[in-house]
Chemist: 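Pasting a structure below so you can have a look.
Naming: A, B, ... by sequence-line order, numbering from 1 per chain. All values below were derived from every heavy atom in this structure, side-chain atoms included, with hydrogens, water molecules and symmetry-related copies excluded.
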Protein chains: 2
Amino acid sequence: MEKKESAKERILRVANELFYQEGVRAVGIDRIILESEVAKASFYRSFPTKDDLVVAYLELHRMRSLAHVEEARERHPESALDQLRFLMRRIAERMSRPSYRGCAFMNTIVEFPEIGHPCHRKALESRNHVWAVVESMAQEAGLPDPRELAEQLRMLWSGAAMVAYINKSEFKPETFSSAALSLIDGQLNAG
Amino acid sequence: MEKKESAKERILRVANELFYQEGVRAVGIDRIILESEVAKASFYRSFPTKDDLVVAYLELHRMRSLAHVEEARERHPESALDQLRFLMRRIAERMSRPSYRGCAFMNTIVEFPEIGHPCHRKALESRNHVWAVVESMAQEAGLPDPRELAEQLRMLWSGAAMVAYINKSEFKPETFSSAALSLIDGQLNAG
DNA sequence: TTGACATGAGACAGATCTGTCTGTATCTTT
DNA sequence: AAAGATACAGACAGATCTGTCTCATGTCAA
């Protein structure tokens with residue numbers, strides 16, 4: 001039997017859609033309350049402040065990002081290099097989806113530039129955490145300079161996220177994945 | 001003789017520093033008026049709305065970006081390939097400066113996600129204009145697929161700007177420039 | 001049935017920001 | 001010197017957003 005979605009889950013689902021599609025600052029509490037069909041008091045019982053809701057939203061994206069990394073590990077348990085390649089293709093595919101609106105972490109950091117702000121801090125921690133896991137994957141691949149490659153891939157990946165968001169119509173997933181493979185091969189051939 | 005800085009110039013200079021360092025939305029009009037030591041009425045005479053000031057700020061960055069491209073052309077008038085390489089090194093150098101806070105265009109687009117908003121529109125147009133000039137440079141370099149390379153470089157360049165902003169302490173200019181050269185060489189060797 | 005408690009609808013307070021307006025001082029030009 | 005334009009300081013209005021509070025309604029268990 002399908003158990004009913006709780007108020008808190010409904011709020012977070014609605015907030016996730018609105019925050020991601022329209023931006024965190026652009027979406028007010030009233031809008032979320034209206035669309036999740038919940039009372040204001042009920043909302044504030046689940047999330048004492050808007051920041052708390054934003055943190056939950058970012059945590060959701062952190063879990064999803066880690067799930068992709070985990071999927072890559074399961075698909076290619078024998079080769080970290082294949083895991084990396086799979087991850088890049090998986091990312092490229094996600095970025096080319098119509099609903100893709102960039103990286104929630106980067107967008108939130110830019111929307112809340114103040115160092116130490118709860119939203120800024122959570123977004124930065126999430127970004128760093130996810131990337132640390134990817135970097136450890138590069139470490140296992142037995143490359144000449146895994147940190148250097150990981151850093152190059154982070155730049156490329158971050159930029160692809162921005163291009164796929166800002167210049168959506170021009171984004172081609174193969175352009176990203178072939179660039180990623182080119183960087184990987186570049187270091188393989190150099191080493 | 002040094003002619004005195006006009007009120008409008010002073011406002012724009014102060015606004016540029018504050019908008020770039022702390023974000024456009026985070027900086028209020030009152031703050032700019034205070035720090036540029038001008039009256040509110042004088043401010044609104046020079047810039048009828050805050051959006052007008054933001055547009056002027058973005059125009060400033062557009063001119064600066066184009067100046068870098070122009071410099072590359074002057075330094076290596078004979079080889080578009082060398083122009084590209086020079087530009088990448090020049091960009092890397094700028095990104096490693098302590099005052100670097102990312103790409104004004106991307107940051108503004110993320111801060112104003114609403115399509116058609118004057119600030120969003122101007123930032124997008126500026127970004128696209130600057131990049132069209134860089135892409136034409138790639139076209140002249142006689143590469144097998146200049147559009148593909150330009151697109152890859154745009155991703156890398158955009159991501160490097162974000163990393164240099166968000167993960168400032170970890171950013172190394174050589175990591176970016178070597179990745180850019182790797183992408184260029186990757187296509188040169190493939191062709 | 002009834003009482004305890006959660007929920008819905010929405011008014012309200014407080015903060016913050018943009019942009020207008022008023023009154024005074026200063027500067028330029030004739 | 002006089003007059004008109006310009007600049008300054010700051011009050012004020014209007015909009016917007018977050019978060020609190022009130023009160024009516026519904027739900028579930030004893």
Side-chain angles (χ1 to χ4, degrees), chain A residues 1 3-19 21-58 107-108 110-114 116-122, chain B residues 1 3-19 21-58 107-108 110-114 116-122:
Chain A
M1 73 184 181
K3 73 174 164 202
K4 204 164 128 241
E5 192 182 25
S6 76
K8 189 166 184 173
E9 289 168 337
R10 199 166 64 245
I11 292 168
L12 185 53
R13 179 175 53 76
V14 169
N16 179 46
E17 287 169 12
L18 293 178
F19 283 164
Q21 289 299 320
E22 305 184 21
V24 173
R25 303 196 66 152
V27 175
I29 291 295
D30 288 345
R31 175 96 180 280
I32 293 168
I33 286 168
L34 185 72
E35 297 206 15
S36 55
E37 290 173 317
V38 90
K40 209 160 195 178
S42 307
F43 171 85
Y44 278 103
R45 205 173 305 120
S46 296
F47 301 96
T49 70
K50 184 184 180 182
D51 288 350
D52 290 317
L53 178 59
V54 177
V55 166
Y57 155 71
L58 294 168
N107 290 353
T108 303
V110 174
E111 281 201 277
F112 296 86
E114 188 193 343
H117 187 291
C119 301
H120 183 105
R121 182 205 304 273
K122 175 67 180 176
Chain B
M1 76 184 180
K3 74 176 166 203
K4 208 165 123 236
E5 193 182 24
S6 77
K8 190 167 184 173
E9 289 168 338
R10 198 166 63 245
I11 292 168
L12 185 54
R13 179 174 54 76
V14 168
N16 179 46
E17 288 168 12
L18 293 178
F19 284 164
Q21 290 299 320
E22 305 184 21
V24 173
R25 303 196 67 153
V27 175
I29 291 295
D30 288 345
R31 174 95 180 281
I32 292 168
I33 287 167
L34 185 72
E35 297 206 14
S36 54
E37 290 173 317
V38 89
K40 210 160 195 178
S42 307
F43 171 86
Y44 278 104
R45 203 173 307 122
S46 297
F47 301 97
T49 70
K50 184 184 179 181
D51 288 351
D52 291 315
L53 178 58
V54 177
V55 166
Y57 154 72
L58 293 167
N107 290 353
T108 304
V110 174
E111 281 200 276
F112 296 86
E114 187 193 343
H117 187 291
C119 302
H120 183 105
R121 183 205 303 273
K122 176 67 180 177

Chemist: Any side-chain to backbone donor/acceptor pair from A:E111 onto A:V24? Under 3.5 Å, distance only.
Modeler: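 Pair found, side chain donor or acceptor close to backbone of A:V24.
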Chemist: Send over the distance from B:L53 CG to C:dT18 P, rounded to a whole Å.
Modeler: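 Distance check: B:L53 CG to C:dT18 P gives 10 Å.
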Chemist: With a 4.0 Å cutoff (strictly under), does any side-chain N or O of A:K40 reach OP1 or OP2 of C:dG10?
Modeler: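 Negative; the distance criterion is not met.
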Chemist: Are OP1 or OP2 of D:dT6 and a side-chain N or O of B:R45 less than 4.0 angstrom apart?
Modeler: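 False: B:R45 side-chain N/O out of range (4.0 Å or more) of D:dT6 OP1/OP2.
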Chemist: Whole-Å distance between D:dT20 P and A:I33 CD1?
Modeler: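 Rounded to whole Å, this separation is 12 Å.
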Chemist: Measure the distance from CD1 on A:I29 to P on C:dG10 and round it to the nearest whole Å.
Modeler: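 From A:I29 CD1 to C:dG10 P: 18 Å.
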Chemist: Taking CG from A:D30 and C1' from C:dG8, how many angstroms apart are they, rounded to a whole number?
Modeler: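 Distance, rounded to whole Å: 14 Å.
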Chemist: Can you spot which of A:V14, A:V27, A:L58 makes a side chain to side chain contact (heavy atoms under 4.5 Å, CB included) with A:F19?
Modeler: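 Of the listed options, the one satisfying the test is A:V27.
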Chemist: Would you compute the distance between atom CG of A:L12 and atom OG of A:S46 and round it to the nearest 0.5 angstrom?
Modeler: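 Here the interatomic distance stands at 10.0 Å.
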Chemist: When you measure from the side-chain N and O atoms of A:T49 to the phosphate of D:dT18, is any distance below 4.0 Å, counting only OP1 and OP2?
Modeler: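 So the side-chain polar atoms of A:T49 never come under 4.0 Å of the phosphate oxygens OP1 or OP2 of D:dT18.
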Chemist: Nearest-Å distance, CG (A:L34) to P (D:dC17)?
Modeler: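 To the nearest whole Å, that distance equals 13 Å.
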Chemist: Whole Å only: how far is the OH atom of B:Y44 from the C1' atom of D:dA7?
Modeler: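 From B:Y44 OH to D:dA7 C1': 17 Å.
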Chemist: Starting at atom CZ of A:F43, determine the distance to atom C1' of D:dC17, rounded to an integer number of angstrom.
Modeler: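 Those two atoms, CZ and C1', are 12 Å apart.
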Chemist: Would you give the length of the straight line joining atom OG of B:S36 to atom CD1 of B:I11, rounded to the nearest 0.5 angstrom?
Modeler: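 Those atoms lie 5.0 Å apart.
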Chemist: Once you round it to whole Å, what is the distance between P of D:dC17 and CD of A:E111?
Modeler: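 It works out to 13 Å between those atoms.
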